[in-house]
Amino acid sequence: MNGMIKEIPVLSLNNIYKIYGEGEGKVDALKNISLDIHKGEFIALCGPSGSGKSTLLNILSGIDKPSIGTVLFLNKLLNTLSENQLSTIRGKHLGFIFQFFNLIPVLNVFDNVYFPLVLNGHMSKRQAEKRARHYINSVGLASFSHRKPGQLSGGQQQRVAIARALAHEPQIVIADEPTGNLDLGTGEAILDLLLKINRETQTTFIISTHSSQLRSRAERVIEIKDGALVHDSTI
């Protein structure tokens with residue numbers, strides 16, 4: 001036999017539907033979506049506003065559950081887990097980056113990255129301090145550690161958010177429009193940084209975006225429209 005063994009996906013979505021309401025008010029937010037996502041992929045999730053991108057991100061991260069279908073993450077069936085179990089999985093294995101940064105304004109750069117590590121309870125304070133300093137340095141903000149978010153540019157704040165998302169070394173980073181609140185040049189710099197991290201760490205990135213820059217540079221493009229999968233560049 002000369003065939004290669006196919007790597008097991010880190011995340012599998014099988015026949016996913018998400019339905020809101022009943023009768024005449026029924027809305028099919030997602031319709032029969034099946035996807036396999038592998039370690040190290042850099043994925044752009046595209047589609048018009050209201051297409052179901054955010055709903056899909058919520059389901060694949062266990063924030064929401066599908067009406068029909070299954071979500072398998074690291075051999076765990078997310079549909080069957082309690083909220084406490086799902087929260088533990090997110091805390092250990094998933095990182096999140098948002099359009100509006102979601103930094104705590106009264107904390108400085110270091111504490112915005114450090115405190116979530118301590119509060120997750122998965123490492124000692126010494127480990128958390130080491131991780132926070134390493135990832136703040138990795139996004140080029142070591143000299144800004146004592147500044148608060150209000151003293152930073154938008155691009156710098158997003159770099160802090162990236163460091164925070166990466167510091168617990170997740171399997172998958174989920175990003176919702178991470179360059180959407182930035183100017184073109186700053187957005188390009190953030191994209192360069194995400195691609196660099198992806199290449200160096202083999203962390204999987206799933207990024208919801210309207211950005212043509214990001215779409216053109218992503219390894220894989222998935223597009224949904226009206227809740228249905230209409231394009232997957234790997235197929």
Side-chain angles (χ1 to χ4, degrees), residues 5-99 102 165 170-180 194 198 202-211 214-215 218-235:
I5 298 173
K6 193 170 183 180
E7 185 180 357
I8 297 172
V10 293
L11 181 65
S12 289
L13 282 70
N14 299 293
N15 307 117
I16 296 295
Y17 288 79
K18 184 63 182 179
I19 302 165
Y20 296 102
E22 297 178 352
E24 293 183 1
K26 177 183 171 184
V27 175
D28 294 326
L30 295 175
K31 307 168 188 173
N32 196 28
I33 291 183
S34 295
L35 292 169
D36 285 340
I37 295 169
H38 292 85
K39 179 178 174 61
E41 286 196 291
F42 193 95
I43 298 169
L45 176 62
C46 304
S49 296
S51 62
K53 299 190 302 297
S54 294
T55 302
L56 183 58
L57 290 182
N58 287 341
I59 284 176
L60 62 83
S61 61
I63 291 172
D64 199 0
K65 292 188 178 182
S67 304
I68 302 170
T70 58
V71 182
L72 192 67
F73 177 53
L74 298 177
N75 292 322
K76 292 181 174 64
L77 194 61
L78 297 191
N79 313 53
T80 65
L81 301 182
S82 69
E83 184 50 46
N84 283 342
Q85 290 171 315
L86 290 169
S87 180
T88 297
I89 286 173
R90 287 192 293 269
K92 283 186 175 181
H93 302 297
L94 295 174
F96 296 89
I97 304 169
F98 305 97
Q99 179 177 353
N102 288 0
Q171 296 275 341
I172 297 175
V173 170
I174 294 170
D176 194 359
E177 294 285 354
T179 62
L194 295 179
N198 169 253
Q202 284 296 290
T203 302
T204 303
F205 281 80
I206 305 169
I207 304 176
S208 170
T209 186
H210 288 102
S211 167
L214 203 156
R215 178 174 182 143
E219 173 189 77
R220 179 181 179 185
V221 177
I222 295 169
E223 186 170 358
I224 60 175
K225 184 178 181 181
D226 296 327
L229 179 65
V230 295
H231 174 72
D232 185 343
S233 62
T234 62
I235 298 174

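As the structure is a computational prediction, the values presented were derived from the model and not from experiment. Along the sequence shown, residues carry numbers from 1.
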Self-check item: Interatomic spacing from CD1 in Ile16 to OG in Ser67 - rounded to 0.5 Å
Solution: 9.5 Å
Quiz item: Are the side chains of Asn15 and Ser34 in touch, meaning some heavy atoms are under 4.5 Å apart?
Solution: yes
Quiz item: In a check of side-chain hydrogen bond (donor to acceptor under 3.5 Å, both in side chains) between Lys18 and each of Asp64, Asp28, Thr55, which one passes?
Solution: Asp64
Quiz item: Looking at side-chain heavy atoms only, is the closest gap between Arg220 and Ile37 below 4.5 Å?
Solution: yes
Self-check item: Taking every non-hydrogen atom, the tightest pair across Pro170 and Gly95
Solution: CB-N, 3.5 Å
Practice problem: Please check if the side chain of Arg215 supplies one atom and the backbone of Val221 the other of a donor-acceptor pair under 3.5 Å. | Solution: no
Practice problem: Using the side chain to side chain contact (heavy atoms under 4.5 Å, CB included) rule, take Asp226 and Lys31 through it: C-alpha gap first, then chi angles, then the decisive distance, then the call. | Solution: CA-CA 8 Å; Asp226 296 327; Lys31 307 168 188 173; 4.2 Å; yes
Practice problem: Please assess Glu41 against Val10 for the test side chain to side chain contact (heavy atoms under 4.5 Å, CB included), listing each intermediate value before the final yes or no. | Solution: CA-CA 10 Å; Glu41 286 196 291; Val10 293; over 6 Å; no
Exercise. Compare every heavy atom of Ile19 with every heavy atom of Gly21, then report the nearest pair and how far apart it is.
Key: O-CG2, 4.1 Å
Exercise. Mind running side chain to side chain contact (heavy atoms under 4.5 Å, CB included) on Phe96 and Asn102 for me, showing each step along the way?
Key: CA-CA 10 Å; Phe96 296 89; Asn102 288 0; over 6 Å; no
Quiz prompt | Salt bridge present between Glu83 and Lys65 (N-O < 4.0 angstrom) | solution = no
Quiz item: So, for Pro178 and Ile97, which heavy atoms are closest and what is the spacing to 0.1 Å?
Solution: CB-CG2, 4.0 Å
Quiz item: So which of Val230, Thr209, Ile207, Leu214 actually passes side chain to side chain contact (heavy atoms under 4.5 Å, CB included) with Cys46?
Solution: Thr209
Practice problem: May I ask you to decide if Lys53's main-chain N or O and Ser208's side chain share a donor-acceptor pair within less than 3.5 Å? | Solution: no
Quiz prompt | Reported CD1-to-CG distance for the pair Ile59 and Asn79, which is rounded to 0.5 angstrom | solution = 9.0 Å
Quiz item: Once the angle between the rings of Phe42 and Phe205 is folded into 0 to 90°, is it parallel (under 30°), tilted (30 to 60°) or perpendicular (over 60°)?
Solution: tilted
Quiz item: In Å, rounded to the nearest 0.5 Å, how long is the span from CD1 of Ile224 to CG of Leu229?
Solution: 8.0 Å
Quiz item: Just one of Leu35, Leu56, Ile174 clears the side chain to side chain contact (heavy atoms under 4.5 Å, CB included) bar with Leu45, so which one?
Solution: Leu56
Exercise. Say whether, by atom type as modelled, one donor and one acceptor occur between the side chain of Thr204 and the main chain of His38 under 3.5 angstrom.
Key: yes
Quiz item: When rounded to the nearest 0.5 angstrom, what distance separates CD in Gln171 from NZ in Lys92?
Solution: 12.0 Å
Quiz prompt | From CD (Glu177) to CG (Leu57), nearest 0.5 Å | solution = 9.5 Å
Quiz item: To the nearest 0.5 Å, how far apart are OG1 in Thr234 and CG in Asp36?
Solution: 9.0 Å
Quiz item: What is the minimum heavy-atom distance between Leu81 and Leu77, and which atoms define it?
Solution: CG-O, 3.6 Å
Self-check item: Side chain proximity check, Ser51 to Glu223, heavy atoms < 4.5 angstrom
Solution: no
Self-check item: Pair Ile89-Leu74, side chain to side chain contact (heavy atoms under 4.5 Å, CB included): steps then yes or no
Solution: CA-CA 10 Å; Ile89 286 173; Leu74 298 177; over 6 Å; no
